[in-house]
Amino acid sequence: MTLLDEVPERALAVYAHPDDPEVSCGGTLASWAAAGAEVHVVIGAKGEKGTADPDADLDALAVQRAREVAAAADALGLAGVHLLGHPDGELDAVPGLRGEIVALIRSLRPTTVVCPDPTAVLFGDGYVSHVDHRTIGWATLDAVAPAAASPHYFPDLGPAHQVATLLLSGTLEPDVWVDIDDVLDEKVAALFAHESQLADDASEWLGDFVRQRAADEGRRAGVASAEAFRRIRFVR
Ligand SMILES: [Zn+2]
């Protein structure tokens, strides 16, 4: 049971869909940003399939979701957002995904990278991890180690960079927790920025739901509110 209280100098969170970072690690990113870290987010897919309406204008939804990402980034205090713009639900058909992430790691030079745990597929008896979450998780693992750290992988994508710490969210094997009690309002505000994804009655329950989940994780870590991760350290 480790409470992670060191703040990375620079962090990069790599996720599949526009609202995934907020759900998975929004409090952690906000708390690092508030403590002076340079925090960037990468979003792999446009999120244009994030609607149950069969007649929806998917191009318009993609544009709206990009605006929502920007608003959420403001709420979290992020330094930058990088939209890869791939089709929703099809990240596994993108041949250059690993290279795109390597290029961003080498240009932004994060000390910590955060992404979904791709080994976590089946959650209880009611949820299967989205294929895009698994795909971007694997691509990020492979981009961090060994690709970005070796000059012989993707030699045209900038100088090699060794990420020190990888934090995996949505994991079945958490071993570190980040205290997010001071930034719960920012996490909730960032989730509410994704207006296209909110149920009509979200204002009645979403804030409480987020706080309850954070309290559940906080109990495991001995603090009031937390987010959980599985940690891999390449540099100690
Ligand atoms: Zn997602």
Side-chain angles (χ1 to χ4, degrees), residues 4 6-47 62 65-86 91 94 96-118 132-133 135-145 147-149 154 157-170 176 178 180 183 186-187 189-191 193-194 227 229 231-235:
L4 198 66
E6 69 218 64
V7 175
E9 200 178 325
R10 290 177 303 280
L12 179 64
V14 188
Y15 282 86
H17 305 123
D19 53 352
D20 290 350
E22 288 75 25
V23 173
S24 309
C25 60
T28 298
L29 301 183
S31 102
W32 289 345
E38 180 186 333
V39 182
H40 290 257
V41 162
V42 181
I43 306 290
K46 291 179 284 187
R65 297 201 72 181
R67 276 201 304 269
E68 293 167 354
V69 167
D74 277 348
L76 297 178
L78 303 187
V81 173
H82 309 266
L83 304 176
L84 301 183
H86 296 301
L91 288 183
V94 176
L97 189 59
R98 188 193 310 173
E100 290 181 274
I101 299 168
V102 167
L104 282 162
I105 289 172
R106 287 185 178 165
S107 71
L108 298 169
R109 309 189 83 70
T111 46
T112 294
V113 167
V114 192
C115 71
D117 182 346
D132 284 345
H133 300 173
T135 302
I136 201 112
W138 284 127
T140 305
L141 258 60
D142 296 337
V144 167
F154 301 100
L157 296 183
H161 174 69
Q162 175 71 63
V163 172
T165 304
L166 186 59
L167 295 180
L168 305 179
S169 64
V176 298
V178 174
I180 63 165
V183 288
E186 285 84 343
K187 174 162 177 153
L191 281 161
H194 294 278
E227 288 169 343
F229 302 93
R231 178 173 64 173
I232 292 98
R233 284 182 283 183
F234 302 103
V235 178

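Just so you know, these numbers use all the heavy atoms, side chains as well, and skip hydrogens, waters and symmetry mates. Quick caveat, the model's predicted, so the values are computed rather than measured.
- Annotation: the span from Leu104 atom CG to His82 atom NE2 amounts to 6.0 Å, rounded to 0.5 Å.
- With contacts defined as side-chain heavy-atom distances shorter than 4.5 Å, the pair Glu100/Val94 qualifies.
- Sorted by first then second residue, the side-chain hydrogen bond (donor to acceptor under 3.5 Å, both in side chains) pairs that include residues 16-26, not counting sequence neighbours, are His17-Asp20, His17-Asp88, His17-Asp132, His17-His133, Asp19-Arg65, Asp20-His133, Glu22-His194.
- Val81 approaches Ala73 most closely through the heavy-atom pair CG2-CB, 3.5 Å.
- The shortest side-chain heavy-atom distance between Thr165 and Val235 does not fall under the 4.5 Å cut-off.
- The shortest heavy-atom contact between Leu91 and Leu97 is O-CD2, 4.1 Å.
- We find the CG-OG1 distance between Leu4 and Thr28 to be 8.0 Å, quoted to the nearest 0.5 Å.
- Looking at Trp32 and Val114, their side chains come closer than 4.5 Å, going by heavy atoms from C-beta outward.
- Residues Ala30 and Glu186 come closest through the heavy atom pair CB-CB, 4.1 Å.
- Between Ile136 and Cys115, every side-chain heavy-atom pair lies at or beyond the 4.5 Å cut-off.
- For the side-chain hydrogen bond (donor to acceptor under 3.5 Å, both in side chains) condition, no pair includes a residue of residues 104-113, sequence neighbours left out.
- Here the CD1 atom belonging to Ile101 is positioned 9.5 Å from the CZ atom belonging to Phe154, to the nearest 0.5 angstrom.
- Nearest heavy-atom pair, Ala190 versus Ala72, reported as atom, atom and distance to 0.1 Å: O-CB, 3.6 Å.
- In this structure the side chain of Val23 never reaches within 4.5 angstrom of the side chain of Tyr15, judged on heavy atoms.
- How far CG of Leu12 is from CG of Leu29: 10.0 Å, rounded to the nearest 0.5 Å.
- Note that CG of Asp117 and CG of Leu141 are 8.0 Å apart. Values are rounded to the nearest 0.5 Å.
- Atom NZ of residue Lys187 and atom CG of residue Leu76 lie 9.5 Å apart, to the nearest 0.5 angstrom.
- Of all non-hydrogen atoms in Arg98 and Ala139, the two that sit nearest each other are CG-O, 3.8 Å.
- When all heavy atoms are compared, the tightest approach of Ile43 to Pro18 is CG2-N, 3.7 Å.
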